[in-house]
K.L.:
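Mind looking over this structure? Questions follow.
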Amino acid sequence: MNTDERLKKLLDASRKQLEAIDGILERGIPEQMPVHQGPLLMGMSASAKFLGVSRATLWRMIKAGLLQKVEVLPGSFRLRRADLEAIAAGQRLCRSKVGPDLNDATQRLDSRRHRNSPLVAA
């Protein structure tokens, strides 16, 4: 599309289209939601491997309220990938809502992550 065609379309645009164009010009192009690769729910072993912790630590994190399990079948649990990614990125849930055990679980996770960091000299 050349400039003349673009100007003709702009002059013929509806009010709603012009408002959308003004919004883009003022605020820029909105970021699209990130496209997640992989499953939305992850098993306990895969979740533990993803975070670099043991399955026992995962269960302690669930008990502390840091993670919420999803029961897909009786006795079969999964964890939300978005929750795991939030923990891996360092984001936390509100500690006051889940109780005192949360601090212990997150401190253990942080110390383990720090110990395994490639930036830490051996």
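Only heavy atoms go into these numbers, but all of them, side chains included; no hydrogens, no water, no symmetry mates.
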K.L.:
Cut-off 3.5 Å, side chains only: do Thr3 and Arg6 have a donor facing an acceptor?
P.N.:
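Result is no, nothing qualifies.
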
K.L.:
If hydrophobic clusters are built from ILVMFWY residues whose side chains come within less than 4.5 Å, do Leu18 and Leu25 share one?
P.N.:
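Yes, it is one cluster - the side chains of Leu18 and Leu25 are joined through contacts under 4.5 Å.
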
K.L.:
Taking all heavy atoms of Met44 and all of Leu58, pick out the closest pair and write down the distance.
P.N.:
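What the structure gives for the nearest pair is O-CD1, 3.2 Å.
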
K.L.:
For Leu79 and Gln68, run side-chain contact (heavy atoms from CB on, under 4.5 Å): C-alpha distance rounded to whole Å, both residues' side-chain angles, the deciding distance at 0.1 Å, then the answer.
P.N.:
CA-CA 7 Å; Leu79 297 174; Gln68 184 177 6; over 6 Å; no

K.L.:
Give, for atom CD of Glu5 and atom CG of Leu10, the distance between the pair rounded to the nearest 0.5 Å.
P.N.:
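Glu5 CD to Leu10 CG: 13.5 Å, rounded to 0.5 Å.
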
K.L.:
Yes or no on side-chain contact (heavy atoms from CB on, under 4.5 Å) for Leu40 and Arg78, after CA distance, side-chain angles and deciding distance?
P.N.:
CA-CA 10 Å; Leu40 297 178; Arg78 302 286 185 269; over 6 Å; no

K.L.:
Rounded at 0.5 Å granularity, tell me how far CG in Leu67 sits from CG in Leu84.
P.N.:
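Taking CG in Leu67 and CG in Leu84, the distance rounds to 6.0 Å.
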
K.L.:
Please name the pair of heavy atoms, one in Ser45 and one in Arg55, separated by the smallest distance, quoted to 0.1 Å.
P.N.:
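Residues Ser45 and Arg55, closest heavy atoms: OG-NH1, 3.2 Å.
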
K.L.:
Indicate yes or no: at least one non-hydrogen side-chain atom of Ile87 is less than 4.5 angstrom from one of Met61.
P.N.:
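Touching, per the 4.5 Å side-chain cut-off.
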
K.L.:
Return the set of residues passing side chain to side chain donor-acceptor pair (under 3.5 Å) with Arg80 (not counting sequence neighbours), or none when no residue passes.
P.N.:
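By the side chain to side chain donor-acceptor pair (under 3.5 Å) rule, Arg80 matches no residue at all.
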
K.L.:
Do side-chain atoms of Gln17 reach the backbone of Ser14 as a donor and acceptor pair under 3.5 angstrom?
P.N.:
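Looks like yes, one N/O pair under 3.5 Å.
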
K.L.:
How long is the gap from CG on Asp83 to CD on Glu85, to the nearest 0.5 Å?
P.N.:
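Between atom CG of Asp83 and atom CD of Glu85 there are 9.5 Å.
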
K.L.:
Would you check if the side chain of Ser47 reaches a backbone N or O of Gly43 as a donor-acceptor pair within less than 3.5 Å?
P.N.:
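Flag set: sc Ser47 to bb Gly43 pair under 3.5 Å.
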
K.L.:
Which atom pair, heavy atoms only, marks the closest approach of Trp59 to Lys69?
P.N.:
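Trp59 and Lys69 have their closest heavy atoms at CZ3-CD, 4.0 Å.
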
K.L.:
Under the rule for salt bridge (charged side-chain N to carboxylate O under 4.0 Å, His left out), what residues qualify as partners of Arg15, not counting sequence neighbours?
P.N.:
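For Arg15, the residues satisfying salt bridge (charged side-chain N to carboxylate O under 4.0 Å, His left out) (neighbours in sequence not counted) are Glu19.
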
K.L.:
Let me confirm one number: the CD1-CD distance from Ile21 to Glu26, rounded to the nearest 0.5 Å.
P.N.:
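It comes to 12.0 Å.
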
K.L.:
Is the side chain of Glu71 donor-acceptor paired with the backbone N or O of Gly75 at a distance under 3.5 Å, no angle test?
P.N.:
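Confirmed, Glu71 side chain pairs with Gly75 backbone.
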
K.L.:
In Å and rounded to the nearest 0.5 Å, what is the CG to CZ distance from Asp22 to Arg27?
P.N.:
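That separation rounds to 9.0 Å.
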
K.L.:
Working to the nearest 0.5 Å, report the span between OG1 of Thr57 and CD1 of Ile62.
P.N.:
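These two atoms lie 11.0 Å from each other.
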
